[in-house]
Amino acid sequence: DAALAHAKVGDAKAAQRTFDEMVAQGLRADAVAFNALLSSHAKHGDAAAVRASCAAMEAAGVSMTPTSQAIVINSLVQGGEVEAAEQALLALVRRAAGRAASEVTAATFNAVVSGFGKRGQPQRAALVVRHMEASGVQPTLITFNALAAAWASDGDLPATEAALAR
């Protein structure tokens, strides 16, 4: 798939152009094609293009996959829209309730934890970790390092040590 190849090498414009040509020729894009396009735009920090691709995905009747959601959430965090990323994550958690644990990954939670940490909001980062645990997703070393960094940036040594001790 040419769109996927362009996306993998980081050429978002070529990926979009190839994707558009594919659709114009009457080919139906699937979740893999949309995810490649989403990923390509996300790598370039183009949140508007990510949103447009999500809208096109919905209009085409293609369901967002956990991978799609993770790409969108990471894109929002990278774009500084951490609250929006948190809301998207919580919506994903609600939709995944009672389904396979792989629907929501630690990496997706970690992006939001890290985003709040970088914004100097350790309490929000800690709340995301609590949501993570409550949803049955096991925090990782990356989770606790991101949480510790959030508390450290706030100057809270006891909370930093507590996060590292987990």
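As the structure is a computational prediction, the values presented were derived from the model and not from experiment.
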Which atoms form the tightest heavy-atom contact between Gly120 and Ser153, and what is the distance?
CA-OG, 4.4 Å

Quick check: is Phe144 connected to Val112 through a chain of hydrophobic side chains (ILVMFWY, heavy atoms under 4.5 Å apart)?
no

Any residue meeting salt bridge (Lys or Arg N to Asp or Glu O under 4.0 Å) with Glu83, in chain and number order, not counting sequence neighbours
Arg119

Examine distances only and state if a side-chain atom of Thr18 and a backbone atom of Ala15 form a donor-acceptor pair shorter than 3.5 Å.
no

Interatomic distance, OG1@Thr108 vs CE@Met132, rounded to 0.5 Å, equals 9.0 Å

For the CZ atom of Phe116 and the CZ atom of Arg124, what is their distance to the nearest 0.5 Å?
3.5 Å

CZ of Phe19 to CG of Leu27, rounded to nearest 0.5 Å, is 10.5 Å

Judged by atom type as modelled, is there a donor-acceptor pair below 3.5 Å linking the side chain of Ser39 to the main-chain atoms of Ala36?
no

Could you tell me whether the side chain of Asp30 and the main chain of Val32 form a donor-acceptor pair under 3.5 Å?
yes

Checking Val129, Val77, Leu89, Val82 against Val113 for side chain to side chain contact (heavy atoms under 4.5 Å, CB included), the one that qualifies is Val129

Decide if atom CG of Leu127 counts as having more than 12 heavy atoms of other residues, nucleotides or ligands within a radius under 6.0 Å.
yes

Residues Trp151 and Pro122: closest non-hydrogen pair is CE3-CB, 3.4 Å

Could you tell me which residues satisfy side-chain contact (heavy atoms from CB on, under 4.5 Å) with Glu161, sequence neighbours excluded, listed by chain and number?
Leu157

Under 3.5 Å, side-chain donor or acceptor atoms of residues 68-76 against the rest of the protein: list the pairs with distances, not counting sequence neighbours.
from  : atom 1 : to    : atom 2 : distance (Å)
Ser68 : OG     : Asn35 : OD1    : 2.4
Ser68 : OG     : Thr65 : N      : 3.1
Ser68 : OG     : Thr65 : OG1    : 2.9
Asn74 : ND2    : Ala70 : O      : 3.0

Side-chain donor-acceptor pairs of residues 51-63 under 3.5 Å, sequence neighbours excluded:
from  : atom 1 : to    : atom 2 : distance (Å)
Arg51 : NH1    : Glu81 : OE2    : 3.4
Arg51 : NH2    : Glu81 : OE1    : 2.5
Ser53 : OG     : Ala49 : O      : 3.0

Euclidean distance, Glu21 CD relative to Gln16 CD, rounded to 0.5 Å:
10.5 Å

For Leu164, side-chain contact (heavy atoms from CB on, under 4.5 Å) partners two or more places apart
Asn145, Ala148, Thr160

Does any donor atom in the side chain of His131 or Glu86 lie under 3.5 Å from an acceptor atom in the other side chain?
no

side-chain contact (heavy atoms from CB on, under 4.5 Å) involving Ser135 - partner list, sequence neighbours excluded:
Val93, Phe109, Val137

Gln123 side chain reached by Asp154 side chain, heavy atoms, under 4.5 Å:
yes

As an exercise, state the distance from CZ of Arg166 to CG of Leu147, rounded to the nearest 0.5 Å.
7.5 Å

Closest non-hydrogen atom pair between Ala29 and Ala33, with its separation:
CB-CB, 4.2 Å

